[in-house]
Amino acid sequence: MLPTNEQKEKPTQLAKSLSNWSGGSRHSPVERFVHNAKCMSLSQFCKIKHETLCVTVATTLKFAVSKYGWFYYGCTRCSSKAPNPEKAYECSCGQKVEQPIPRYKIEIYVSNGESKYRFVFWDSECAAILGMTAEFMHNSMVENGEDDPMVYPDELEMLLNKKMAFRIKVQPTFSQASVWKLCDDEAFVKEIENDYIVEDQTLSASGENDPESIILMTPAKDVVIADKGEEVDFEASGATQLSGTKPSKKLKIEPSS
């Protein structure tokens, strides 16, 4: 399911480091990250029967290729799917879209020990990690004569083999989890893994603040806590379009059965 305006969490700031953050709250970034979520290991996901907001730690393993490929066409302001990628329309967010733009939607298998699950990564967190928008990557491929969404650019492999903390909505009906926030800072991940996740039971993190109104900061220079649905400020965050380097393409990947 593609995101709607109502489903999006409020934007985070990607340009601040913890060392420069003045605070103002008695809750740490980790406490904010886990607020009102069930902290559990990946092996416990099979016990979830209903949509559940969870926090877990896992390592990205490989692409779970869908029949739609690595991107979809969406609004130029928000991340909602365009009704027709070739036609202008007015989005429900109020934006008049002349030409829908490519936005990342990448399904990746993550693992922890022997356990594996399918996570859906959305536009903003992918752009934050890759340092380029889906629109830029797609346009560069088109310039190189490739317009097939089933052809995954080599640059997307930067999303793989990364151990991260995830704030996700587990959707057992679809056997998948939708990524809401993520962070790959080693100390941040270790704190969640050691202090919050218990193998044989779940912990519900609590706090007084509304988790959807909390602003999360980048824990270290080059390390991003990315939030589903936000617009990435590439100037502020230091992300670039790889100095104009054209993404290379790789062999066509067939959808997973």
Side-chain angles (χ1 to χ4, degrees), residues 1-3 7 9 33 40-46 48 51-72 74 79 81 102-134 137-138 141 148-186 188-189 192-193 197 223-230 232 239 247-257:
M1 182 188 302
L2 291 171
Q7 291 173 315
E9 290 189 295
F33 192 89
M40 61 175 61
S41 65
L42 208 62
S43 62
Q44 295 170 297
F45 281 20
C46 61
I48 298 176
E51 286 197 355
T52 306
L53 186 62
C54 298
V55 166
T56 195
V57 171
T59 300
T60 51
L61 188 63
K62 63 179 181 178
F63 296 117
V65 184
S66 73
K67 63 181 180 180
Y68 302 106
W70 60 273
F71 69 89
Y72 67 95
S79 56
K81 183 182 179 182
R103 290 190 176 275
Y104 295 111
K105 181 194 174 188
I106 302 176
E107 299 179 17
I108 297 177
Y109 284 115
V110 303
S111 65
N112 191 323
E114 298 297 318
S115 302
K116 186 170 70 171
Y117 210 75
R118 181 164 53 93
F119 281 14
V120 181
F121 289 68
W122 297 99
D123 189 66
S124 56
E125 59 261 28
C126 290
I129 294 172
L130 297 170
M132 68 174 72
T133 64
M137 186 176 290
H138 175 258
M141 291 186 69
D148 187 346
M150 301 308 299
V151 175
Y152 278 49
D154 288 337
E155 283 73 15
L156 294 182
E157 293 189 5
M158 292 171 60
L159 298 170
L160 303 181
N161 302 310
K162 296 177 72 71
K163 185 175 182 179
M164 293 184 274
F166 295 95
R167 181 178 173 91
I168 54 182
K169 177 176 282 189
V170 179
Q171 301 168 308
T173 302
F174 305 105
S175 299
Q176 68 178 30
S178 180
V179 177
W180 282 22
K181 293 184 176 74
L182 56 79
C183 181
D184 66 353
D185 176 65
E186 185 176 352
F188 189 99
V189 171
I192 288 180
E193 192 170 38
I197 295 177
V223 179
V224 169
I225 295 179
D227 183 343
K228 176 175 73 67
E230 73 184 292
V232 177
S248 57
K249 64 180 184 179
K250 63 187 299 182
L251 294 178
K252 185 172 182 177
I253 304 179
E254 297 300 328
S256 303
S257 54

Given K162, which partner from the list D184, T60, T59 fulfils the side chain to side chain donor-acceptor pair (under 3.5 Å) test?
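Among D184, T60, T59, the one that satisfies the side chain to side chain donor-acceptor pair (under 3.5 Å) with K162 is D184.
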If only atom types and distance count, is the side chain of [X] paired as donor or acceptor with the main-chain N or O of [Y] below 3.5 Å?
{"X": "S66", "Y": "Y68", "value": "yes"}
{"X": "E157", "Y": "D154", "value": "no"}
{"X": "R103", "Y": "Y72", "value": "no"}
{"X": "D185", "Y": "F188", "value": "yes"}

Any side-chain heavy-atom pair of [X] and [Y] under 4.5 Å:
{"X": "V151", "Y": "M141", "value": "yes"}
{"X": "K62", "Y": "N161", "value": "no"}
{"X": "C54", "Y": "I48", "value": "yes"}
{"X": "K181", "Y": "F166", "value": "no"}
{"X": "F45", "Y": "N112", "value": "no"}
{"X": "Y152", "Y": "F63", "value": "yes"}
{"X": "S178", "Y": "Q171", "value": "yes"}
{"X": "W70", "Y": "F121", "value": "no"}

Nearest 0.5 Å, what's the [atom1]-[atom2] distance between [X] and [Y]?
{"X": "L53", "Y": "R167", "atom1": "CG", "atom2": "CZ", "answer": "4.5 Å"}
{"X": "I197", "Y": "M40", "atom1": "CD1", "atom2": "CE", "answer": "9.5 Å"}
{"X": "E114", "Y": "L42", "atom1": "CD", "atom2": "CG", "answer": "11.5 Å"}
{"X": "Y117", "Y": "S111", "atom1": "OH", "atom2": "OG", "answer": "15.0 Å"}

Nearest heavy atoms of [X] and [Y], plus distance in Å:
{"X": "L159", "Y": "C126", "value": "CD1-SG, 4.2 Å"}
{"X": "I168", "Y": "A177", "value": "CD1-CB, 3.9 Å"}
{"X": "L160", "Y": "I108", "value": "CD2-CG2, 4.0 Å"}
{"X": "M150", "Y": "K67", "value": "SD-O, 3.7 Å"}
{"X": "M137", "Y": "Y104", "value": "CE-OH, 3.6 Å"}
{"X": "S41", "Y": "S43", "value": "OG-OG, 2.9 Å"}

Kindly say whether the aromatic ring centers of F119 and Y109 come within a distance under 6.0 Å.
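F119 vs Y109: aromatic centres not under 6.0 Å.
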Stepwise side-chain contact (heavy atoms from CB on, under 4.5 Å) test for E107 and V65
CA-CA 6 Å; E107 299 179 17; V65 184; over 6 Å; no
Would you please name every residue forming a side-chain hydrogen bond (donor to acceptor under 3.5 Å, both in side chains) with K116, sequence neighbours left out?
none
By ring pair (Phe, Tyr, Trp, His ring centres under 6.0 Å) - contacts of F71 (at least two apart):
Y73, H138
With sequence neighbours excluded, what pairs up with V189 under the side chain to side chain contact (heavy atoms under 4.5 Å, CB included) test?
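V57, K163, A165.
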